[in-house]
Amino acid sequence: MNGIILLICMVIIVGRGESFFVDITYVESAVAKGAVCLDGSAPAYHFDKGSGVGINNWLVHIEGGGWCNNATTCLARRNGRLGSSKQMAKQIAFSGIFSNKPQFNPDFYNWNRLKVRYCDGASFTGDVEAVDPATKLYYRGARIFVAVIEDLLAKGMKNAENAILSGCSAGGLTSILNCDRFKSLLPISTNVKCFADAGFFINAKDVSGAQHIEQFYNDVVTTHGSAKHLAQSCTSKMKPSLCFFPENMVQAIQTPIFVVNAAYDSWQIKNILAPGVADPHGLWHNCKTDIKKCSTTQLQTMQEYRLEFLKALSGLMSAKSKGYFINSCYAHCQTETQETWSTTISPMLNNKTIAKAVGDWFYERSPFEKIDCPYPCDKTCHNRIFDPQDNSLL
């Protein structure tokens, strides 16, 4: 018990001492291009400038936040931070991969570090010209992506020596789906790589046997008109919405890419494996809240999900210059918080933190392609425990 209290105190001390606040920047020039959030407002990001030898290195990180799959769910987002820059916090805390201190972020602390806010609802793939006068919803994520990159190029990224497109959750999916596009927008001389945190969502059946996530993604792609901005090497072979799943397009990515993911990703367990619609009696509720509350049968189902996840990941193995850090934690997004990115108590594989593994891969000091042993073998995990009353899907 004393060890647990000590760990919690260390995490609090690290979190307080390391984070700092960064102001929001609105990309007003994007509005004239029709590159706008769901409500028609300008896209935005938070930017901390690089220094010293990092002055021409850029980390462009995409915020996460789920998706909206029809007019009803997109309307529900339109007047919040995930659909309108008018509702976004004017400042956000930077830590973890955003840290400006070498002891907390050894390889990227002096880079230009940005967090691009997520307000389109389709991982920056949508592009529908028409705006329904009844809903006044703008599906323009693909335009936002290009407009933001163009804005950054004008602010110095045109001189980039190194550049990374990264993201968490739906933002991690963005960094996979838009990886080659990102490279195409930067100077040919720039060393460009991509990095996805908790963005490798798989096409798996839920506990009732239904293809819940496949239908959901189909609705997202249809609503947002995403097909034309998904990988043509994939859409020429299968239904476009299936190309929203990394497993079906990652092997064709030409730009080097690194994937960080928990094999028991807590968002995927809660929303792909055991969504509420597949569990009407709430038998999975306690398990989804805390993995230690899962029954033997539920843990077995989750072990099977892990195997399915690893099978889906196999496409990455043939991708160009890839790397991966797949731990056996019950977690989702491990790069944006200091305690899981780089501290003495962070998750580790092969005696390396995520920060060390990513840095070694990016700078080609050593490759990193590691898959953890099955739960509960990894004692370095920071397993998520959720509020039992929290039914959020984000």
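Numbers here are sequence positions counted from 1.
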State plainly whether the residues R81 and E63 are in salt-bridge range, i.e. N to O under 4.0 Å. yes
Starting at CZ of R77, measure out to CG of L38 and round the result to the nearest 0.5 Å. 7.0 Å
Are F47 and W58 an aromatic pair, judged by ring center distance below 6.0 Å? yes
Within the side chain of K322, is there an N or O that forms a donor-acceptor pair under 3.5 Å with the backbone of V250? no
Find the distance between CG (N383) and NZ (K292) and round it off to the nearest 0.5 Å. 7.5 Å
Which pair of heavy atoms, one from R384 and one from A331, lies closest together, and at what distance? CG-CA, 3.8 Å
Heavy-atom count around D23 CG within 6.0 Å, excluding the residue itself: above 12? yes
Without swapping roles, check the side chain of D206 against the backbone of A210 for a donor-acceptor pair under 3.5 Å. yes
Under 6.0 Å between ring centres, would you say that holds for Y118 and F124? yes
Nearest 0.5 Å, please: how far is CG in D39 from NZ in K86? 5.5 Å
For A170 against S123, the heavy-atom pair lying closest together: O-OG, 2.9 Å
Heavy-atom closest contact (Q251 atom, G315 atom, distance): CB-O, 3.3 Å
Pairwise side-chain contact, I164 with N57, heavy-atom cut-off 4.5 Å (strictly under): no
Heavy-atom side-chain contact between L75 and L137 under 4.5 Å: yes
Is there a side chain to side chain contact (heavy atoms under 4.5 Å, CB included) between R306 and I371 once you walk through the steps? CA-CA 11 Å; R306 170 183 176 271; I371 296 173; 4.2 Å; yes
Step by step, would you call F98 with D48 a side chain to side chain contact (heavy atoms under 4.5 Å, CB included)? CA-CA 8 Å; F98 302 113; D48 189 48; over 6 Å; no
From the list H46, E336, R113, side chain to side chain contact (heavy atoms under 4.5 Å, CB included) partner of H61 resolves to E336
Evaluate the ring planes of F108 and W111, with Trp represented by its six-membered ring, and classify them as parallel (under 30°), tilted (30 to 60°) or perpendicular (over 60°). perpendicular
Just by distance, do the side chain of S166 and the backbone of F195 share a donor-acceptor pair under 3.5 Å? no
d(T353 OG1, M348 CE) to nearest 0.5 Å is 6.0 Å
Do the side chains of Q254 and K183 get nearer than 4.5 Å, heavy atoms only? no
From CE (M157) to CG (L152), nearest 0.5 Å: 4.5 Å
Begin with the C-alpha distance, continue with both residues' side-chain angles, and end with the deciding distance and a verdict on side chain to side chain contact (heavy atoms under 4.5 Å, CB included) for Y264 and S328. CA-CA 6 Å; Y264 310 89; S328 291; 3.6 Å; yes
Expected output: side-chain T190 to main-chain V192 donor-acceptor under 3.5 Å: no
Can we call the ring centroids of F368 and F325 under 6.0 Å apart? yes
Mind running side-chain hydrogen bond (donor to acceptor under 3.5 Å, both in side chains) on N327 and Q334 for me, showing each step along the way? CA-CA 10 Å; N327 59 14; Q334 301 179 82; 3.0 Å; yes
Is any side-chain heavy atom of D378 closer than 4.5 Å to a side-chain heavy atom of P347? no
For T125 and H224, which I'm curious about, is there any donor-acceptor pair between the side chains at under 3.5 Å? no
Will you find, in the side chains of D219 and T222, an N or O donor that is under 3.5 Å from an N or O acceptor? no
Donor on one side chain, acceptor on other, T255 and D180, under 3.5 Å: yes
Can a salt bridge be assigned to the pair E129 and R143 using a cut-off of 4.0 Å between side-chain N and carboxylate O? yes
If only atom types and distance count, is the side chain of K288 paired as donor or acceptor with the main-chain N or O of H285 below 3.5 Å? no
Answer yes or no: is there an ion pair linking D107 with R365, defined by an N-O contact shorter than 4.0 Å? yes
Any I144 side-chain heavy atom under 4.5 Å of C119 side chain: yes
So, do S175 and V60 sit near enough that their side-chain heavy atoms are less than 4.5 Å apart? no
Should S366 and K352 be marked as a side-chain hydrogen bond (donor to acceptor under 3.5 Å, both in side chains) after you check the CA-CA gap, both sets of side-chain angles, and the distance that decides it? CA-CA 12 Å; S366 63; K352 288 186 180 182; 3.1 Å; yes
Test your reading of the model: is there a side-chain donor-acceptor pair from D197 to the backbone of T335, 3.5 Å cut-off? yes
For the backbone of A44 and the side chain of R117, can you confirm whether one donor and one acceptor N or O come within less than 3.5 Å of each other? no
For S84, does its backbone N or O pair with a side-chain atom of S41 as donor and acceptor, under 3.5 Å? no
Please walk me through it: do N203 and Q211 pass side-chain hydrogen bond (donor to acceptor under 3.5 Å, both in side chains)? CA-CA 8 Å; N203 187 9; Q211 296 283 163; 3.2 Å; yes
With distance as the sole test, does Q338 use its side chain to make a donor-acceptor pair with the main-chain N or O of F104 at under 3.5 Å? yes
Side chain to side chain contact (heavy atoms under 4.5 Å, CB included) for L177 and L230? Distances and angles first, verdict last. CA-CA 7 Å; L177 298 179; L230 297 175; 4.2 Å; yes
If you apply the rule side-chain hydrogen bond (donor to acceptor under 3.5 Å, both in side chains), what do you find for S99 with N105, and how did you get there? CA-CA 6 Å; S99 175; N105 191 20; 5.3 Å; no
Between W67, Y330, F386, which is the residue that forms a ring-ring contact (aromatic ring centres under 6.0 Å, His included) with W267? W67
Determine the sole option in F200, Y217, F201, F216 for which the ring-ring contact (aromatic ring centres under 6.0 Å, His included) test with F245 is passed. Y217
Hey, does L273 have a side-chain heavy atom less than 4.5 Å from the side chain of W284? yes
Could you grab the distance from atom NE2 of H332 to atom CG of N261, nearest 0.5 Å is fine? 8.5 Å
